Amino acid sequence: MQPGEISLAHRGVLFLDEMPEFRRELLEAMRQPLEDGCIAVNRASGSVTYPSRVLLVCAANPCVCGYYGDPKVPCRCSSSERRRYAKRLSGPILDRVDLHVAVPRLTPEELLSEEEGSRENSQTIRERILHARERQRARWHPFGYSCNAEVPERLLRKTMRLGTKEKTFLREAARKHVLTGRGMTRLLRVVRTIGDLQGEEELSLSMFAEALGYRKDGNPWMNA
Amino acid sequence: MDERLGSLLLFNATQCMDARTLKDFLEEGLPPEELLGGGEKLWKERGLAPRAIGFLQEALIRKWHLREYETCLSLGVSLVSWDDPEYPPGLWDLPDPPVLLYCRGTFPPPEKFSGLVGVVGTRRCSPYAWGVAASLGRALAENSWGVVSGGALGIDGAAHGGCLEGEGYTLAVFGTGVDQVFPAEHEELFYNILKARGALISEYPLGTPGRAWRFPRRNRIIAGLGEKIVVVEAPRKSGAIITARLGGEMGREIWAVPGRIDEGICAGSNGLLAEGGYPLVSVADFVEILNPSGEQKLLFSEEGGFLSSEGEKILAFLRLRGDQTVDNIAQGVTMSAASVTGELALLESLDKVRSSGPGRWRAAL
């Protein structure tokens, strides 16, 4: 019995390019292994459990023609086509994606206006990530975990003391952005990670705001 | 049901009779019920089309009007005919005012609303125009103006939705029967319009399905009901342009939102500007013109609880530079893209910015 891609990517990155082109059942079948970190494969010859703790990275186009929201080229899809395309990714799957980043196509002027050398190089980013990882390991080691993603929700909440301002903000966010219970926990993990990346133990409102900015929340332009 | 209403239901359903003709007949001493009772000879004499005569003969045998009236009662659909005091006076500006309107919800609009503005445009609109239509609907609502539109996808839906957000009165004029849900995607919107004491109206009999040729005809009702017409985005060949032309012929002010000149999708609305339409370059100014008393509510209060100095900086940058990507904002205000993302989420929760497309942001209007 061969392990599948999700197990082969254990402790690494699983990248799904053109995510909406995958079969729906296949994507839905990933929900459990993503949540549990392991996958049970049952066949006639017996059953095996493989590990599946992966960093999932996915890419998708905004619509079939790929031009929706483009500042120059008009989209050729009808609104029902766009809706159908967006619906290939179910809510529960999108809910399990912590960071949603929309990548706009840049106009030539915008491409040219990017100043050289103003961007961070990968080396600096790598060091920051390693530091953040180290912080997480140090914090969770006594409890037997190594990173923010693994820590059970109860423990996470207990160690994250929220001020009144942050609590109000979360309540408002949950109301406005329709956060699910799982979404809220995932948001907290992202906030903790942003704090670790900045080398801050104390969590600030701006970290909550940033984490919320990465959550997918039915952008108004998707309804058009 | 009295005979008058029955005859109006029937004449309306022929779709080749208008209120003006019936009014002229009445002034000559021929009320609609007598015209109906006159039979084929009188109908021919009065110039009814053969198609209409055929319909009337068959409908009278089937007692179509009685059943139609009963269905209206059971569905809670009210009828407003041309001889009712509630019949909107604006419709008399049309060359062919509808004989009657089937209405669900609150119609005519409650008096606390200053009037209706027609907000129209293409179904396949750009995200930018969608945002403009929604902001406009909301701003009108917050300044006690109602929005009349066609209940279609795209601009229509955005304008209705924006108006509901601002807790205003919105009216959708259907090109189908008022008992139909067309397009199906707007079932929830129509439900919300009724819940918010708005209205769905149509001149078409119950059960009339969606057909392309009915929609341009329906547009004249939007033009008649709107005191001003705003075309947010429309290509040259578009129902919205028909609405604007009809409105212009009736002396309504025609406004259009300027669009890019290299895109067909706004060639029609830009064309209106070239022909002398008013350019809508600021929602706030437009609303100010509607309510010159200066008593209108601010669109949003400037002292938002979470607005930081960084947020102010981003907002000022977006107001100056228009549509921008996160990276460009970060560069423009010298912040990291990560903190810009956070500030944008805060600003969005205060309705100060909105996403204008994947990864793009602009200041709210």
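Each chain gets a letter, A, B and so on, in the order its sequence line appears, and its residues count up from 1. Keep in mind it's a predicted model, so treat the numbers as computed, not measured.
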- Message: Within this structure, what is the CG-CG distance for the pair L346(B) and L205(A), rounded to the nearest 0.5 Å?
- Response: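 The CG atom of L205(A) is 5.5 Å from CG of L346(B), to the nearest 0.5 Å.
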- Task: Starting at CE of M207(A), measure out to OG of S339(B) and round the result to the nearest 0.5 Å.
- Result: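 Reported to 0.5 Å precision, the distance equals 10.5 Å.
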Report, as yes or no, whether the 6.0 Å neighbourhood of atom [atom1] on [X] holds more than 12 heavy atoms from other residues, nucleotides or ligands.
{"X": "E201(A)", "atom1": "CD", "answer": "yes"}
{"X": "R260(B)", "atom1": "CZ", "answer": "yes"}
{"X": "E167(B)", "atom1": "CD", "answer": "no"}
{"X": "L130(A)", "atom1": "CG", "answer": "yes"}
{"X": "E202(A)", "atom1": "CD", "answer": "no"}
{"X": "E18(A)", "atom1": "CD", "answer": "yes"}
{"X": "E134(A)", "atom1": "CD", "answer": "yes"}

- Check: E185(B) and S80(A) side chains under 4.5 Å, non-hydrogen atoms: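 The answer is yes, as the side chains (C-beta and beyond) meet within the 4.5 Å cut-off.
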- Report yes if the side chains of P74(A) and I265(B) come closer than 4.5 Å at any heavy-atom pair, otherwise no.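 Of all side-chain heavy-atom pairs linking I265(B) with P74(A), none is under 4.5 Å.
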- Query: What pair of heavy atoms forms the shortest contact from G359(B) to A102(A), and how long is it?
  - Reply: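 Here G359(B) and A102(A) meet closest at N-CB, 3.0 Å.
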- Might you point out which heavy atoms bring A209(A) and A345(B) nearest each other, and give the distance in Å?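 Looking at all heavy atoms of both residues, the shortest contact is O-CB, 3.3 Å.
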- Task: Find the one option among T341(B), D262(B), I155(B) whose heavy-atom pairs under 4.5 Å with chain A are most numerous.
- Result: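 Counting heavy-atom pairs under 4.5 Å, the top option is T341(B).
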- Task: Go through L153(B) and R83(A) one step at a time and tell me if the side-chain contact (heavy atoms from CB on, under 4.5 Å) criterion holds.
- Result: CA-CA 12 Å; L153(B) 294 173; R83(A) 218 179 298 261; 4.0 Å; yes
- Would you find a donor on one side and an acceptor on the other, under 3.5 Å apart, between the side chain of R124(B) and the backbone of R76(A)?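 Looks like yes, one N/O pair under 3.5 Å.
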- Message: Heavy-atom cut-off 4.5 Å, strictly under: side chain, backbone, both or neither for A158(B) against chain A?
- Response: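 No part of A158(B) comes within 4.5 Å of chain A.
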